[in-house]
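Reviewing the structure listed below.
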Amino acid sequence: QVQLVESGGGLVQAGGSLRLSCAASGGTFSSAAMGWFRQAPGKEREFVAGTSWSGRITDYADSMKGRFTISRDSAKNTVYLQMNSLKPEDTAVYYCARSPFGVGSRRVEEYDYWGQGTQVTVSS
């Protein structure tokens, strides 16, 4: 059974940084893509960033490019999201997810396993 467990969320001031972690276990990830999504209150869940399990290919939503970096540590089966220059509009629950379809998957429907989410709150 695939399990994804996010951590690293919290409260940070605008302009600050956070690093989210997603520990993956219980399944096959070598051919999968891993993605980060976020969902703010009253809004749809949106794609943030994705990576191949090898880490060689990454994909970012346009609004995150230059501020967020996705990476992975294959030895630890963990995917990270480094978030810099955070803004109040980045406030959301952030989710880690696995897609069997590879990098380039940006729709929620293309991901089959999800973590429970971690709250990120950016104060102004």
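Keep in mind it's a predicted model, so treat the numbers as computed, not measured.
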Check whether any side-chain heavy atom of [X] lies under 4.5 Å from a side-chain heavy atom of [Y], and answer yes or no.
X	Y	value
T69	Y60	yes
R72	S74	yes
W36	T51	no
F68	V48	yes
Y113	Q1	yes

task: Using atom types as modelled and distance alone, determine if a side-chain donor or acceptor of S105 lies under 3.5 Å from a backbone N or O of E110.
output: no

task: Flag yes if V108 and F47 sit in one hydrophobic cluster, no otherwise; membership is Ile, Leu, Val, Met, Phe, Trp, Tyr, and two members link when side-chain heavy atoms are under 4.5 Å apart.
output: yes

message: Applying a strict under-4.5 Å side-chain criterion to I, L, V, M, F, W and Y, I'd like to know whether W53 and Y80 cluster together.
response: no

Euclidean distance, [Y] [atom2] relative to [X] [atom1], rounded to 0.5 Å:
X	Y	atom1	atom2	answer
R45	R38	CZ	CZ	13.0 Å
L20	C96	CG	SG	9.5 Å
F29	S52	CZ	OG	14.0 Å
F101	R107	CZ	CZ	8.5 Å
R106	S99	CZ	OG	13.0 Å
R19	S71	CZ	OG	7.0 Å

- prompt: Name the one of Q119, M83, E6 that satisfies side chain to side chain contact (heavy atoms under 4.5 Å, CB included) with Y94?
  reply: M83

- prompt: Which of these passes side chain to side chain contact (heavy atoms under 4.5 Å, CB included) with L18: V120, D90, L81?
  reply: V120

Closest contact, heavy atoms only, [X] versus [Y]:
X	Y	result
R67	S85	NH1-O, 3.0 Å
K43	Q39	O-NE2, 3.1 Å
G9	T118	N-OG1, 3.2 Å
S124	A14	CA-CB, 4.3 Å
Y111	A97	CD2-CB, 3.5 Å
A92	A40	CB-N, 3.8 Å

- request: May I ask you to check whether F37 and Y95 place their ring centres under 6.0 Å from each other?
  value: no

- request: Please list, chain by chain and in numerical order, all residues satisfying side chain to side chain donor-acceptor pair (under 3.5 Å) with Q3, sequence neighbours excluded.
  value: none

- prompt: Within a radius of less than 6.0 Å around CD of E109, do more than 12 heavy atoms belonging to other residues, nucleotides or ligands occur?
  reply: yes

- request: Any chance you could lay out the side chain to side chain contact (heavy atoms under 4.5 Å, CB included) test for M64 and E46, step after step, and finish with the verdict?
  value: CA-CA 11 Å; M64 319 307 173; E46 66 172 341; 4.2 Å; yes

message: Between the side chains of D62 and K65, is the shortest nitrogen-to-carboxylate-oxygen separation below 4.0 Å, so that they form an ion pair?
response: yes

Side-chain cluster (under 4.5 Å, hydrophobic types only) that I57 belongs to, other residues: V103

Side chain to side chain contact (heavy atoms under 4.5 Å, CB included) evaluation trace for V2 with R98: CA-CA 9 Å; V2 172; R98 187 193 80 162; 3.9 Å; yes

- prompt: Is there a donor-acceptor contact under 3.5 Å linking the side chains of D73 and T78?
  reply: no

